[in-house]
Structure formats: structure tokens, C-alpha cells
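Taking it in order: structure first as C-alpha cells, then the write-up.
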Amino acid sequence: MLVNPPRYEGIPVIREERCEITERYSILEPYSLLQMGALLRSQDHEVKLLDMNGFDLDWKELELSLLGFRPDVVLFRFTPTTFDHDIRTTSIVKATLADAITVGVCWTLRTLPKEVLSQAPDLDFYVQQEYEVVVPDLVHALYEGKGLEMVAGIAYRDGSEIRVNQAATPLKDYDSLPIPAFDLLPTLDPYFVTAPSGKPYTILYTSKGCPFKCSFCTVAGTKWRPKSAEKTIEELLYLKKNYSIRTVSFFDETFTMDRKRVERLCDAMVSENLDIRWYCNTRAHLVDLDLLKRMRKAGCRGISYGIESGSQKILDQADKCLTVEQGRNAIDWARQARIKTFASFILGLPGETWDTIEETISFINQTMPNSAEFNVAVPYPGTRLYEMVYGDKNVAAVDFRSLYQDDAVVGTDALTPQDLNRARDMAYRSLYFNPRWWWRNLGHVIHEPEDLDLATRYVIKALRNYLVYGMKHAH
Ligand code: SF4
């Protein structure tokens with residue numbers, strides 16, 4: 001049984017790949033659970049999915065589903081900030097079906113397996129590495145009663161000991177995976193990103209990993225493994241045929257890593273007449289005007305760039321391998337290609353001062369992306385930033401539960417965590433109170449009337465996030 005735990009204090013939670021956060025205005029399909037479902041079915045297991053986050057169900061529903069389905073194994077994902085909440089899944093499982101085995105998946109805490117298991121007494125197995133490889137091996141070993149020591153990528157209890165097995169080999173061939181088991185969901189109705197418009201909607205991964213070395217990133221230095229354009233089209237056609245899908249977010253870290261693949265994918269979307277509006281994330285130096293125009297023609301309506309900073313010094317110190325100029329061009333070209341831009345920034349990377357923050361705010365005011373998010377730097381375990389903050393200094397790492405991008409836990413040499421929270425507020429204000437920004441987005445809607453519904457809902461979201469929620473659990 002696959003379980004997506006309930007919302008956290010009523011706030012939806014994203015539990016996907018590197019994105020393990022609360023996000024007030026997005027309800028995403030539990031794509032990785034759907035992928036696990038397809039993999040387990042291909043091993044002839046009977047699978048049920050309970051998406052409590054998506055359908056806003058409470059814990060009682062878990063008990064009822066457990067009693068109805070009586071699973072041998074319960075798999076779920078958890079995040080650092082919602083840890084205690086998510087881990088409650090395991091105590092409910094044990095109290096309801098004492099013999100059921102609990103398996104938790106979380107990417108962000110992969111370097112802290114002992115901490116995870118010692119703080120989750122009813123969690124039997126922690127899947128530290130790529131679930132596509134580890135979960136089928138683990139479930140197979142449990143089913144066959146084989147020794148667990150050969151299952152790579154897990155940590156588990158052995159009496160009073162916690163054992164951490166050898167690292168798993170990363171997934172080699174993304175094309176070899178079956179299409180995620182979307183049919184485990186009763187409907188796609190609840191799902192949207194940012195604003196509930198353009199439904200039916202889904203997220204989708206067309207590649208995995210990112211070889212760049214950004215110091216703050218939890219997937220930095222992992223191999224990029226693509227799905228082929230053909231495999232991606234197969235999945236999109238399946239979604240079109242079975243769900244009349246209208247909007248897709250390609251959640252890959254770096255969608256345009258291989259230009260040829262994107263071109264093939266775009267051409268196939270056009271020739272198959274898919275008529276899907278889609279969004280993607282990528283690095284600003286991996287686009288150009290021609291490619292963006294081709295993407296637009298194939299249905300791309302928005303692109304998210306990790307710009308991180310308007311200061312070259314900060315980008316260089318973070319090993320971002322990007323110039324401010326490249327960020328500027330990427331936003332400009334997307335505008336020319338009539339693709340909306342979402343730019344994300346991090347405040348508080350090493351070297352940050354009020355001057356560099358001012359450079360970032362000026363960058364925003366000059367480039368005017370359609371939307372932006374400002375996060376404070378978070379030293380996630382396993383990143384180089386974590387090593388820089390806690391490595392050689394005699395400072396105890398903070399509780400992983402407090403690692404979220406809306407509230408700084410560390411400062412820089414020049415700025416305190418409180419300064420960074422203030423800088424985040426200043427950055428949002430510089431955008432949301434800028435008449436030019438509103439004017440420009442109004443101009444966009446006049447030229448793209450199909451975006452009117454989305455834009456209206458987006459405005460309500462942005463204002464509520466800022467005025468009502470003070471940008472907590474929000475971007
Ligand atoms: S480019 Fe993006 S995904 Fe890749 S390492 Fe940097 S921040 Fe992470």
C-alpha cells in the first residue's frame with residue numbers, strides 16, 4: 001500500500017525527488033508513488049494508493065484503508081519539515097496491523113539514516129537512495145524472505161542496531177521504467193500547481209539528476225538520465241487519451257540539458273497534435289531564442305530558471321556556473337518567445353551582504369520576470385553548503401525539521417538569519433509593489449487572453465501569500 005500522508009496543518013505538502021516541502025498553493029500528484037506502484041505491479045504485487053494530501057483526507061482514512069486492504073508493506077514519503085507529522089503514518093500502521101512493514105522514502109535526509117531511524121521508532125526501513133531502484137529490490141527481498149544485507153540503499157533495524165547498507169547503484173535507464181500507475185488515483189481533479197487553472201493537470205519527469213555542482217543543491221553532481229523523446233511522448237499520449245490532460249509541468253531539474261532531445265520532443269508534440277500547455281525547469285544558460293520559440297510552438301507556456309542571485313560574486317562562490325548576463329538573456333529571450341518566466345533566487349549564500357542583496361533586487365527590477373520566488377539559503381544535509389556551515393566549525397547542525405526556505409537558520413559573515421528573513425521580505429515587496437511589474441503582467445494577459453483565468457488566480461494567491469500568510473510555507 002502506497003500512502004501520501006495528509007496535509008500538514010492543512011497546508012499541502014510536496015513529497016517528490018529534491019522537492020520535499022510544504023507549498024500552500026500547489027497540490028501535486030504523488031508521481032513517485034505512482035511510479036513505485038507501476039514498478040511493484042510489474043513484479044506482480046497487488047497495489048493500492050491512498051493520497052491523503054491530494055484528497056485532503058485525515059488519519060482516520062488511513063486506518064480504514066489499512067483494515068480494508070490489509071497490506072503486507074506500507075510505503076510512504078516524508079519530508080524534513082513535516083517529519084513528525086509524516087512519520088505518524090508508521091505508528092498508525094503498527095497500531096492497526098501489527099505485522100505490516102513500514103518503508104519510508106526521503107531524498108533530502110539521505111545522509112542521515114541513523115538520525116531518521118532513531119527518531120522514527122515505528123519505521124522499519126528507510127529508503128535513502130533512488131526509490132526506482134531500491135524499492136523493487138527491497139519489496140522483492142521481503143517477499144522472498146531473502147537477506148536484507150544485499151539490498152543496497154536502505155537503512156533498517158537489526159535488533160537494537162541500525163544497519164546502513166551499501167549505496168545503491170543509481171538508476172541507469174530511465175526508459176526502462178513503466179508509465180507511472182496513474183490509474184491508482186480515482187481522478188486527477190484535485191491537482192494543480194500554483195493556481196488551479198488548466199485542469200486536468202499533472203507533473204511529469206522526463207529526466208533525472210543534474211551533474212552541475214551548485215553548493216546548496218541536494219541533487220548536485222548526480223548523473224543526468226533522460227527519458228527519450230519517444231518514451232516521453234508515449235506517456236503524454238497515454239495521459240491525453242485516458243485523462244484528456246491539458247497542462248503538464250515537467251518537474252525535471254534541468255529539462256533542456258540535451259537540446260536535440262528537446263527539439264525531438266517539441267517536434268513530436270506538434271506532429272502528434274497533443275495540444276498540451278506545459279511548463280519546465282532549467283538552467284538559464286541552456287536555452288536560446290530559437291529553442292525557446294520551438295518550445296513555445298510545442299505548447300510551452302512557462303519556464304522556471306534558477307537564477308539564484310544578481311551578484312556574480314555570489315554565483316561564483318556557489319559554483320553555479322552561470323553568469324548574471326546569461327540569466328538576464330534567458331529571461332529576455334523567453335519573453336520574446338512569449339513564454340512566461342519564473343525566476344528563483346536564494347538569499348544568504350556564502351558571501352552575501354546587503355550590497356549583493358541590492359544587486360539581486362536590481363536584477364529583478366531590470367529583468368521583470370513574470371514571477372519570482374525568494375528563498376533563504378538552507379544548509380541541507382549532503383550539500384557542500386552544509387559542509388561549509390557545519391563541517392569544520394564546531395557548530396552542531398540544527399534540527400532538520402527547521403530546514404525550510406522561508407525562515408533562515410544560518411546567516412553569512414555579514415548578515416544574521418533575521419537580516420536574511422528581512423531581505424526576503426524586501427525582495428518580495430520590490431516585486432509585488434512595483435507598478436511596472438503589474439503593468440507588464442497585465443500586458444501579457446492582454447496578448448495572451450487564455451492566461452486570464454490563471455493570472456487572476458495567481459494574483460489572488462500572491463496577495464494572500466504575502467498579506468495574509470507573510471510568505472510562510474509559500475513561494
Ligand atoms: S543546476 Fe539546479 S539542479 Fe543542477 S545542481 Fe544546480 S541547482 Fe541543482
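Atoms within a ligand are numbered from 1 in the order they appear, just like the ligands themselves. Each residue takes its place number in the sequence, starting with 1.
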Quiz item: Can D319 and S215 be counted as having a side-chain donor-acceptor contact under 3.5 angstrom?
Solution: no
Practice problem: Only one of F78, Y8, Y404 passes ring-ring contact (aromatic ring centres under 6.0 Å, His included) with F83; say which it is. | Solution: F78
Quiz prompt | Atom indices of ligand 1, in the order listed, that fall short of 4.0 Å to a heavy atom of A220 | solution = 5 (S)
Quiz item: What protein heavy atom is closest to atom 2 (Fe) of ligand 1, reported as residue, atom name and distance in Å?
Solution: K320 NZ, 4.1 Å
Practice problem: Among all protein heavy atoms, pick out the one at the shortest distance from atom 8 (Fe) of ligand 1; state its residue, atom name and that distance to 0.1 Å. | Solution: C217 SG, 2.3 Å
Practice problem: Please identify which atoms of ligand 1 are closer than 4.0 Å to at least one heavy atom of R283. | Solution: 1 (S)
Quiz item: Does the pair E387/R384 count as a salt bridge with the N-to-O cut at 4.0 Å?
Solution: no
Self-check item: Under 4.0 Å to a heavy atom of E253 - the qualifying atoms of ligand 1, by number
Solution: 3 (S)
Self-check item: Step-by-step side chain to side chain donor-acceptor pair (under 3.5 Å) determination, S362 to N365
Solution: CA-CA 5 Å; S362 310; N365 287 330; 5.9 Å; no
Quiz item: Is atom 8 (Fe) of ligand 1 under 2.8 Å from any N, O or S atom of C210?
Solution: no
Quiz item: atom 5 (S) of ligand 1: which protein heavy atom is closest, and how many Å away?
Solution: F212 O, 3.5 Å
Quiz item: Is the distance from atom 4 (Fe) of ligand 1 to the nearest N/O/S atom of C214 under 2.8 Å?
Solution: no
Quiz item: If you draw the axis of the six-membered ring of Y126, does the NZ or CZ of R110 fall within 45° of it and under 6.0 Å from the ring centre?
Solution: no
Quiz item: Is the F433-Y466 ring centre distance short of 6.0 angstrom?
Solution: yes
